[in-house]
Trainee: 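Please see the structure below; I have some questions.
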Amino acid sequence: MTPPTHTAFRSVVALSGGVGGAKLLDGLARALDPDRLTAIVNTGDDFTHWGLHICPDLDTVMYTLAGLSHPTQGWGLAGESFEALAMIRRYGAPGWFQLGDRDLGTHIARTLALRDGQTLSQITDTLCRALNVRHPILPMADAPRPTFVDTDSHGALPFQDWLVLHRAAPAPRAIRFEGPPTPTPAALDALHRADLVIITPSNPYVSIDPILALDGVRDALRHLPVLAISPILGGRAVKGPLADMIPALAAKPPSARAVFDHYGDLLDAVALEADDADQIPPGLPGLATSTLMGDRDDRARLAFELLDFAAERLR
Ligand code: FO1
């Protein structure tokens with residue numbers, strides 16, 4: 001039976017990157033009606049590939065909320081085929097980024113609409129409606145704002161080159177964002193209307209920081225209750241390169257505490273894996289629970305726990 005939706009907050013905004021953020025959003029979307037939840041999604045990972053505009057995090061969130069995402073990989077579509085990729089590789093063209101055949105339809109539709117002069121916000125809304133995603137998914141910015149990873153061994157690498165082409169092997173020295181730091185009007189408006197902000201368990205350096213670095217976002221958050229969920233469990237990242245990035249960028253071992261310290265005084269409460277309860281920063285309310293989010297019910301269970309906890313401790 002579907003549990004009743006949560007009504008303690010009028011307007012929850014969740015800041016999200018790809019896979020971890022998308023899973024929690026999936027749970028939150030079951031706990032909150034569409035007029036009570038807005039996702040602001042990182043677009044720093046976006047890039048042009050095969051002449052197409054690819055938005056990995058927006059697509060991961062959109063496919064996940066549509067119930068279409070790949071069950072184990074997290075990104076891409078379930079039951080995807082890769083015939084176009086095989087052909088591209090046969091021609092010796094760049095085949096390091098795995099775009100599936102159906103996924104290509106999304107990138108083509110988006111690229112055509114961008115060429116027609118639509119904004120990324122408008123296009124994302126159209127794509128979400130077509131996939132029956134009812135909760136608003138907002139790109140953090142309409143103009144490109146690409147993330148670069150500065151490395152000693154390979155110089156400055158565009159994010160997907162670093163993550164996928166080089167398998168995140170070159171140690172990052174710094175993370176940089178280029179392009180105008182202008183949030184979409186809708187994202188800023190959502191933050192101004194919010195009564196709770198959730199920082200989902202995404203990578204703080206390359207998924208959440210790009211959002212926090214936009215004009216007006218940190219200022220808006222300072223006036224709001226902010227709850228962050230750790231993407232590090234028992235010193236390891238569930239997915240992605242974060243556990244190696246923390247020592248490289250912050251000179252400390254990977255831990256939930258290192259993530260919370262990175263966000264600093266923006267946070268009003270934290271949630272983390274039960275075994276990591278000793279990592280709750282002193283003076284902050286902390287929820288120690290199971291944060292792994294296996295199936296969809298587990299995601300909803302965590303979402304309700306987080307909202308109950310926030311209602312009790314942050315209002
Ligand atoms: N990640 C990979 O590690 N390898 C890939 O070939 C790959 C393809 C891909 C295609 C579409 C998409 O939406 C995401 C894709 N991702 C791939 C994931 C993506 O690079 C990262 O997970 C995100 O940018 C990080 O949040």
Side-chain angles (χ1 to χ4, degrees), residues 13-30 32-71 73-82 84-85 97-146 159-160 179 182-190 200 202 207 210-211 214 296 299:
V13 168
L15 311 185
S16 179
V19 180
K23 283 188 189 174
L24 182 58
L25 275 166
D26 192 33
L28 289 168
R30 297 202 22 215
L32 295 162
D33 287 339
D35 61 343
R36 289 181 192 264
L37 172 66
T38 301
I40 299 178
V41 179
N42 171 44
T43 55
D45 295 14
D46 297 9
F47 71 130
T48 303
H49 192 65
W50 302 347
L52 301 172
H53 192 85
I54 319 291
C55 301
D57 286 356
L58 278 174
D59 290 346
T60 298
V61 170
M62 180 173 76
Y63 292 155
T64 303
L65 293 195
L68 297 173
S69 61
H70 190 284
Q73 208 167 235
W75 50 267
L77 288 156
E80 183 62 289
S81 58
F82 291 88
L85 178 67
F97 198 75
Q98 298 180 57
L99 295 178
D101 297 326
R102 287 192 300 141
D103 192 26
L104 271 173
T106 304
H107 312 312
I108 292 170
R110 177 189 292 121
T111 304
L112 290 174
L114 279 171
R115 260 189 231 163
D116 280 350
Q118 293 185 43
T119 64
L120 187 60
S121 296
Q122 290 169 325
I123 299 162
T124 304
D125 184 58
T126 305
L127 299 178
C128 285
R129 279 174 200 274
L131 298 185
N132 298 320
V133 173
R134 293 164 60 233
H135 294 77
I137 298 176
L138 308 179
M140 68 173 199
D142 277 326
R145 172 85 172 148
F159 180 72
Q160 296 296 346
T182 313
T184 55
L188 213 49
D189 183 55
T200 63
S202 291
S207 298
I211 306 175
L214 297 173
R296 291 193 97 180
R299 299 171 188 176

Trainee: Name all pairs fulfilling the side-chain hydrogen bond (donor to acceptor under 3.5 Å, both in side chains) condition that reach into residues 13-26, sequence neighbours left out, sorted by first residue then second.
Mentor: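 For residues 13-26, and leaving out neighbouring residues, the side-chain hydrogen bond (donor to acceptor under 3.5 Å, both in side chains) pairs sorted by first residue read Asp26-Arg296, Asp26-Arg299.
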
Trainee: Taking the side chain as every heavy atom from C-beta outward, state whether His53 and Ile123 have any atom pair closer than 4.5 Å.
Mentor: no

Trainee: Tell me if a side-chain donor or acceptor on Arg145 pairs with a main-chain N or O of Pro183 at a distance below 3.5 Å.
Mentor: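 The answer is no, because no donor-acceptor pair under 3.5 Å joins these two groups.
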
Trainee: Search all heavy atoms of Pro144 against all heavy atoms of Pro146 and return the closest pair with its distance.
Mentor: C-CD, 3.5 Å

Trainee: Which value, rounded to the nearest 0.5 Å, describes the distance between Leu24 atom CG and Thr64 atom OG1?
Mentor: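 Rounded to the nearest 0.5 Å, the CG-OG1 separation comes out at 11.5 Å.
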
Trainee: Locate the shortest heavy-atom distance separating Pro139 from Thr184; write the atom from each residue and the value.
Mentor: O-OG1, 3.0 Å

Trainee: What distance separates Trp50 CH2 from Ile108 CD1, expressed to the nearest 0.5 Å?
Mentor: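 One finds 10.0 Å between CH2 of Trp50 and CD1 of Ile108.
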
Trainee: Is there a side-chain contact between Leu58 and Thr43, using heavy atoms and a 4.5 Å cut-off?
Mentor: yes

Trainee: Quick one: which residue pairs count as a ring pair (Phe, Tyr, Trp, His ring centres under 6.0 Å) with a foot in residues 97-117, not counting sequence neighbours?
Mentor: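 Sorted pair list: Phe47-Phe97, His49-Phe97.
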
Trainee: Taking Gly44's backbone N and O only, do any of them form a donor-acceptor pair with Asn42's side chain (distance below 3.5 Å, no angle check)?
Mentor: yes

Trainee: Do Ser202 and Thr200 have side-chain atoms, one donor and one acceptor, less than 3.5 Å apart?
Mentor: yes

Trainee: To the closest 0.5 Å, what do you measure between CG (Leu68) and CD (Glu80)?
Mentor: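 One gets 10.5 Å once the value is rounded to the nearest 0.5 Å.
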
Trainee: Identify the heavy atoms of Thr111 and Gly51 that sit nearest to each other, and give their distance.
Mentor: CG2-O, 3.7 Å

Trainee: Ignoring hydrogens and angles, tell me if any N or O in the side chain of Asp101 forms a donor-acceptor pair with the backbone of Ala84 under 3.5 Å.
Mentor: yes

Trainee: Name all residues meeting the side chain to side chain donor-acceptor pair (under 3.5 Å) criterion together with Ser69; count only those two or more places apart in sequence or in a different chain, and write none if there are none.
Mentor: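 For Ser69 there are no side chain to side chain donor-acceptor pair (under 3.5 Å) partners, ignoring immediate neighbours.
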
Trainee: Could you state the interatomic distance from CG (Leu65) to CZ (Arg30), rounded to the nearest 0.5 Å?
Mentor: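 Separation between the atoms: 11.5 Å.
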
Trainee: Considering non-hydrogen atoms only, spot the tightest contact between Gln160 and Pro56 and give its length.
Mentor: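 What the structure gives for the nearest pair is NE2-CG, 3.3 Å.
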
Trainee: Please collect all side-chain hydrogen bond (donor to acceptor under 3.5 Å, both in side chains) contacts where either partner lies in residues 126-136, sequence neighbours excluded, each pair once.
Mentor: Asp125-Arg129

Trainee: Are Met62 and Thr106 side-chain neighbours, meaning at least one heavy-atom pair lies under 4.5 Å?
Mentor: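 Side-chain contact under 4.5 Å: yes.
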
Trainee: Test: salt bridge (charged side-chain N to carboxylate O under 4.0 Å, His left out). Region: residues 37-51. Which pairs qualify, not counting sequence neighbours?
Mentor: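 Residue pairs with at least one partner in residues 37-51: there are none.
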
Trainee: For Asp57 and Ser207, which heavy atoms make the closest approach, and how far apart are they?
Mentor: OD2-OG, 4.3 Å

Trainee: Measure the CG-CG distance between Leu188 and Leu138 for me, rounded to the nearest 0.5 Å.
Mentor: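 One gets 11.0 Å once the value is rounded to the nearest 0.5 Å.
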
Trainee: Suppose the criterion is salt bridge (charged side-chain N to carboxylate O under 4.0 Å, His left out): which pairs have a residue in residues 109-118, not counting sequence neighbours?
Mentor: Asp59-Arg110

Trainee: Which atom names give the shortest non-hydrogen contact between Ala190 and Thr38, and what distance separates them?
Mentor: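 Closest approach of Ala190 to Thr38, heavy atoms only: CB-CG2, 4.0 Å.
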
Trainee: Drop me the distance from Leu99's CG to Leu85's CG, to the nearest 0.5 angstrom.
Mentor: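 It is 7.5 Å, given to the nearest 0.5 Å.
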
